[in-house]
A.B. asks: 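Just passing along the structure, written as structure tokens.
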Amino acid sequence: MRAGADPWGGNVLAEVEAWLDKRTSRAQDWDARELAAAKGQQRVTVVLPARNEAATVGSIVASIRTALCEEVALVDEIVVIDSRSSDDTAQVARGAGATVYHQDAIRPDLAGGEGKGEALWKSLFVATGDILVFVDADLLSFTPSYVTGLLGPLISDDTVAYVKACYDRPLKGTPGQTFNGGRVTELVARPLLNQYWPRLAGFVQPLSGEYAGRAHVLRGLPFVSHYGVELGLLVDLVEQYGLDAMAQVDLGRREHTNQTTPDLGVMAAQIQHTARLRLVRSGRLVEPQGEAATTLVQYVRSGAGEGDYAPRPRETAITERPPADTLEPVLV
Ligand SMILES: O=c1ccn([C@@H]2O[C@H](COP(=O)(O)OP(=O)(O)O)[C@@H](O)[C@H]2O)c(=O)[nH]1
Ligand SMILES: O=C(O)[C@@H](COP(=O)(O)O)O[C@H]1O[C@H](CO)[C@@H](O)[C@H](O)[C@H]1O
């Protein structure tokens, strides 16, 4: 982050200001061929969690395979975790060159996990990379520079454990805007992080679905289910490894298949539950009256007549998987 005079005006911690200068880079700062030469014996796995992404997963996988496996030997493995898709995500991903696993077929002895966080946690049991790069499978703006940029800080600096993407996030239907996307980021995650974890206030896109980390670090962390996974990882990483072990890379622009606002309401609740449970765990919040409600009642027109609405209860409870390294391996 190239700052002139202090643009922050003392509004962020001095540690964050220094971190932004030291640990922020851009995708164009990193060259795939130079990284391929520099990575040495380290293996790189790109993991795509995918639920009903047949329309987009194939082009993302093919783009990575062509540019970063065939043309430049930077990526060693492309894994797609089929997260209970009802379309032909798995077939499309396999046809594009990915190794596809169904999330419930990985460690079936460990039943009961749900959502994106479960898909990512299960990937830890099958990905063979020393460095894992996570990329959403619904991206409409993907380029191989997303992967190269995320790998740059990790391959070039052993003291970096985790790298998060940042980018402009336009939202369909609001031309000319660059920050209307990331609605849950702007309305829920960023306020929560600024209030309770100000050391994380330097992450421009704390919920971005593109990030990378050292596999042994990720296997030592719990994974929150559903959409709590990104916030949970950020909080646990800064508390266990410190801010200086984390970096962010500007990938330019990110467009993806946007969910509806009510569906993002469920995501928001899951993220709020994640933050609340981290605050309770650290003793910063006391819940005298027991658990917070996990049913979110939304409303739809009942169709019966003016003013008639039907409640639409949505479950927002989260669970958490323990660090993968704490589990006994199973003999197959
Ligand atoms: O239960 C789930 C929910 C989501 N995803 C994947 O996680 C990524 C991000 O999810 P989504 O696009 O729903 O979130 P958004 O980007 O809209 O916030 C996408 O590749 C999804 O296919 C998944 O693997 N399992
Ligand atoms: O950043 C956000 O607010 C949400 C929703 O983005 P949009 O409002 O649909 O652009 O998207 C992210 O959040 C999820 C929860 O952490 C991540 O899993 C997604 O990968 C990410 O796209």
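Computed over heavy atoms, backbone and side chain alike; hydrogens, waters and symmetry mates excluded.
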A.B. asks: Hydrophobic cluster membership, with links at side-chain heavy-atom distances under 4.5 Å among I/L/V/M/F/W/Y: are Leu221 and Phe203 in one?
C.D. replies: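 Same cluster: Leu221 reaches Phe203 through Ile, Leu, Val, Met, Phe, Trp or Tyr contacts under 4.5 Å.
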
A.B. asks: Nearest 0.5 Å, please: how far is CG in Leu20 from CG in Leu243?
C.D. replies: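 Answer for the CG-CG pair, Leu243 versus Leu20, is 8.0 Å.
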
A.B. asks: With rounding to the nearest 0.5 angstrom, report the CD1 to CG distance, Ile155 to Leu74.
C.D. replies: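 That separation rounds to 5.0 Å.
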
A.B. asks: Count I, L, V, M, F, W, Y as connected when their side-chain heavy atoms are under 4.5 Å apart, and connections chain through other members. Are Leu279 and Leu277 then in the same cluster?
C.D. replies: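 In one cluster: no.
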
A.B. asks: Has the side chain of Asp76 got a donor or acceptor atom that lies under 3.5 Å from a matching backbone atom of Thr45?
C.D. replies: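 Absent.
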
A.B. asks: Answer whether the closest heavy-atom distance between the side chains of Leu233 and Val224 falls below 4.5 Å.
C.D. replies: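 Not touching, per the 4.5 Å side-chain cut-off.
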
A.B. asks: Under 4.5 Å between side-chain heavy atoms, hopping through other hydrophobics if needed: is there a path connecting Leu187 to Val184?
C.D. replies: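 Yes.
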
A.B. asks: Check this for me, if you would: do Glu114 and Arg84 make a salt bridge, where the nitrogen-to-carboxylate-oxygen distance has to be below 4.0 angstrom?
C.D. replies: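 Arg84 and Glu114: salt-bridged.
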
A.B. asks: In sequence, state the C-alpha distance, the side-chain angles, and the governing distance for Val217 and Tyr162, and then conclude on side chain to side chain contact (heavy atoms under 4.5 Å, CB included).
C.D. replies: CA-CA 8 Å; Val217 169; Tyr162 179 86; 5.9 Å; no

A.B. asks: Check Arg107 with Asp109, please: is the shortest side-chain N to carboxylate O separation under 4.0 Å?
C.D. replies: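 Salt bridge present between Asp109 and Arg107.
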
A.B. asks: Is the shortest side-chain N to carboxylate O distance from Asp82 to Arg51 below 4.0 Å?
C.D. replies: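 Salt bridge flag = no for Arg51 with Asp82.
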
A.B. asks: Looking only at heavy atoms, what is the nearest atom pair of Lys172 and Asn258, with distance?
C.D. replies: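 The answer is NZ-OD1, 3.6 Å.
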
A.B. asks: Look up atom CD1 in Ile81 and atom CH2 in Trp121, then write down how far apart they are to the nearest 0.5 Å.
C.D. replies: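 That separation rounds to 12.0 Å.
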
A.B. asks: To the nearest 0.5 Å, what is the distance between CZ on Arg65 and CD on Glu77?
C.D. replies: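 Reported value, rounded in 0.5 Å steps: 15.0 Å.
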
A.B. asks: Evaluate whether atom CZ of Phe125 has more than 12 neighbouring non-hydrogen atoms of other residues, nucleotides or ligands under 6.0 angstrom away.
C.D. replies: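 Atom CZ in Phe125 is crowded, with more than 12 foreign heavy atoms closer than 6.0 Å.
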
A.B. asks: Quick check against the 3.5 Å criterion: does Arg321 have a side-chain atom that pairs as donor or acceptor with the backbone of Leu110?
C.D. replies: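 The answer is yes, because a donor-acceptor pair under 3.5 Å joins these two groups.
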
A.B. asks: Check Arg281 with Glu239, please: is the shortest side-chain N to carboxylate O separation under 4.0 Å?
C.D. replies: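 Judged by the 4.0 Å cut-off on N to carboxylate O distance, Glu239 and Arg281 do not form a salt bridge.
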
A.B. asks: Please find the pair of heavy atoms, one from Val297 and one from Pro311, that lie closest to each other, and give the distance.
C.D. replies: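 In terms of heavy atoms, the two residues are closest at CG1-CB, 3.7 Å.
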
A.B. asks: Determine whether the side chains of Glu230 and Ser208 contain a donor N or O and an acceptor N or O closer than 3.5 Å.
C.D. replies: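 Result is no, nothing qualifies.
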
A.B. asks: Would you check if Met246 and Val160 make a side-chain contact, meaning some heavy-atom pair closer than 4.5 Å?
C.D. replies: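 Side chain of Met246 against side chain of Val160, heavy atoms only: no contact under 4.5 Å found.
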
A.B. asks: I'd like to know if the side chain of Gln248 and the backbone of Val204 have a donor-acceptor N/O pair within less than 3.5 Å.
C.D. replies: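 Pair found, side chain donor or acceptor close to backbone of Val204.
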
A.B. asks: With side chains defined as the heavy atoms from C-beta onward, is the minimum distance between Cys166 and Leu251 less than 4.5 Å?
C.D. replies: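 A side-chain contact is absent here, since even the closest heavy-atom pair is not under 4.5 Å.
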
A.B. asks: Identify the heavy atoms of Thr295 and Thr316 that sit nearest to each other, and give their distance.
C.D. replies: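 Scanning both residues, the minimum pair turns out to be N-OG1, 4.4 Å.
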
A.B. asks: Could you walk me through whether Glu320 and Arg278 pass the salt bridge (Lys or Arg N to Asp or Glu O under 4.0 Å) check?
C.D. replies: CA-CA 11 Å; Glu320 183 174 72; Arg278 285 293 183 281; 2.6 Å; yes

A.B. asks: Do the side chain of Asp138 and the main chain of His256 share a donor and acceptor less than 3.5 angstrom apart?
C.D. replies: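 Absent.
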
A.B. asks: Check step by step if side chain to side chain contact (heavy atoms under 4.5 Å, CB included) holds for Tyr167 and Gln205.
C.D. replies: CA-CA 7 Å; Tyr167 21 51; Gln205 290 296 343; 4.0 Å; yes

A.B. asks: Hey, is the main chain of Glu15 close enough, under 3.5 Å, to the side chain of Arg199 for a donor-acceptor pair?
C.D. replies: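 No.
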
A.B. asks: Determine, for Asp136 against Lys116, whether the closest basic-nitrogen to carboxylate-oxygen distance falls under 4.0 angstrom.
C.D. replies: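 Counted as a salt bridge, because a side-chain N and a carboxylate O are separated by less than 4.0 Å.
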
A.B. asks: Which atoms form the tightest heavy-atom contact between Val72 and Ala36, and what is the distance?
C.D. replies: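 Closest pair (atom of Val72, atom of Ala36, distance): CG1-CB, 3.7 Å.
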
A.B. asks: Less than 4.0 angstrom from a charged side-chain N to a carboxylate O is my criterion; do Asp157 and Arg23 meet it?
C.D. replies: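 Yes.
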
A.B. asks: Can you find a heavy atom in the side chain of Trp30 that is under 4.5 Å from one in the side chain of Leu151?
C.D. replies: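 Of all side-chain heavy-atom pairs linking Leu151 with Trp30, none is under 4.5 Å.
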
A.B. asks: Would Val80 and Val57 satisfy side chain to side chain contact (heavy atoms under 4.5 Å, CB included), going step by step from the backbone distance to the final call?
C.D. replies: CA-CA 9 Å; Val80 168; Val57 69; 4.1 Å; yes

A.B. asks: Determine whether Ile131 and Leu237 fall in the same hydrophobic cluster, where Ile, Leu, Val, Met, Phe, Trp and Tyr are linked whenever their side-chain heavy atoms lie under 4.5 Å apart.
C.D. replies: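 No; Leu237 is not reachable from Ile131 via cluster members.
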
A.B. asks: Taking side-chain contact (heavy atoms from CB on, under 4.5 Å) as the criterion, tell me which of Val47, Val61, Val147 meets it with Val135.
C.D. replies: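 Result: among Val47, Val61, Val147, Val147 is the only option passing the side-chain contact (heavy atoms from CB on, under 4.5 Å) with Val135.
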
A.B. asks: Are Lys164 and Glu210 close enough for a salt bridge, meaning some N to O gap below 4.0 Å?
C.D. replies: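 Looking at Glu210 together with Lys164, the answer is no, because their closest N to O distance does not fall below 4.0 Å.
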
A.B. asks: Which heavy atom of His273 sits nearest a heavy atom of Ala293, and at what distance?
C.D. replies: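 It is CE1-O, 3.1 Å.
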
A.B. asks: Taking Glu315 for its side chain and Ala317 for its backbone only, find out whether a donor-acceptor pair lies under 3.5 Å.
C.D. replies: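 Yes, Glu315 side chain to Ala317 backbone: donor-acceptor pair under 3.5 Å.
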
A.B. asks: Report yes or no: is the cationic atom of Arg190 (NZ for Lys, CZ for Arg) closer than 6.0 Å to the six-membered ring centre of Trp197, at no more than 45° off its axis?
C.D. replies: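 Geometry flag: not set, cation outside 6.0 Å or 45°.
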
A.B. asks: Can a donor-acceptor pair be found, under 3.5 Å and without considering hydrogens, that links the side chain of Ser59 to the backbone of Thr56?
C.D. replies: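 At least one qualifying donor-acceptor pair exists.
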
A.B. asks: Taking the side chain as every heavy atom from C-beta outward, state whether Tyr227 and Val266 have any pair of such atoms under 4.5 Å apart.
C.D. replies: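 No, their side chains stay 4.5 Å or more apart.
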
A.B. asks: Using side-chain heavy atoms (C-beta onward) and a distance below 4.5 Å, is Lys39 in contact with Val44?
C.D. replies: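 The answer is yes; the side chains approach within 4.5 Å.
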
A.B. asks: Any side-chain heavy-atom pair from Pro49 and Ser83 closer than 4.5 angstrom?
C.D. replies: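 The answer is no; the side chains never approach within 4.5 Å.
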
A.B. asks: Grouping I, L, V, M, F, W and Y whenever their side-chain heavy atoms are under 4.5 Å apart, do Leu132 and Val75 come out in a common cluster?
C.D. replies: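 Looking at the clustering, Val75 is in a separate group from Leu132.
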
A.B. asks: Grab the two heavy atoms, one from Pro153 and one from Ser25, that are nearest each other, plus how far apart they are.
C.D. replies: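 Residues Pro153 and Ser25, closest heavy atoms: CG-OG, 4.0 Å.
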
A.B. asks: Distance-only, no hydrogens or angles: does the Arg254 side chain make a donor-acceptor pair with backbone N or O of Asp168 under 3.5 Å?
C.D. replies: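 No, because the side chain of Arg254 does not come within donor-acceptor range (under 3.5 Å) of the backbone of Asp168.
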
A.B. asks: Among side-chain atoms of Tyr309 and Arg301, is any donor-acceptor pair under 3.5 angstrom?
C.D. replies: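 Yes, a side-chain donor-acceptor pair sits under 3.5 Å.
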
A.B. asks: When you compare the side chain of Asp244 with that of Lys22, does any pair of heavy atoms fall below 4.5 Å?
C.D. replies: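 Side chain of Lys22 against side chain of Asp244, heavy atoms only: contact under 4.5 Å found.
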
A.B. asks: Out of the candidates Tyr211, Phe223, Tyr146, only one should pair with Phe134 under the ring-ring contact (aromatic ring centres under 6.0 Å, His included) rule; please name it.
C.D. replies: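 Exactly one candidate clears the test, Tyr211.
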
A.B. asks: Going from CD1 on Ile60 to OG on Ser141, what distance comes out if it is rounded to the nearest 0.5 angstrom?
C.D. replies: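 If we round to the nearest 0.5 Å, Ile60:CD1 and Ser141:OG are 8.5 Å apart.
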
A.B. asks: Mark yes or no for whether Ser145, through its side chain, and Thr148, through its backbone, hold a donor-acceptor pair below 3.5 Å.
C.D. replies: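 No; zero donor-acceptor contacts below 3.5 Å.
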
A.B. asks: Nearest 0.5 angstrom please: Leu48 CG to Thr89 OG1, how far?
C.D. replies: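 Between Leu48 CG and Thr89 OG1, I get 11.0 Å after rounding to 0.5 Å.
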
A.B. asks: Under 3.5 Å, side chain of Arg214 to main-chain N/O of Leu154, donor-acceptor pair present?
C.D. replies: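 Pair found, side chain donor or acceptor close to backbone of Leu154.
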
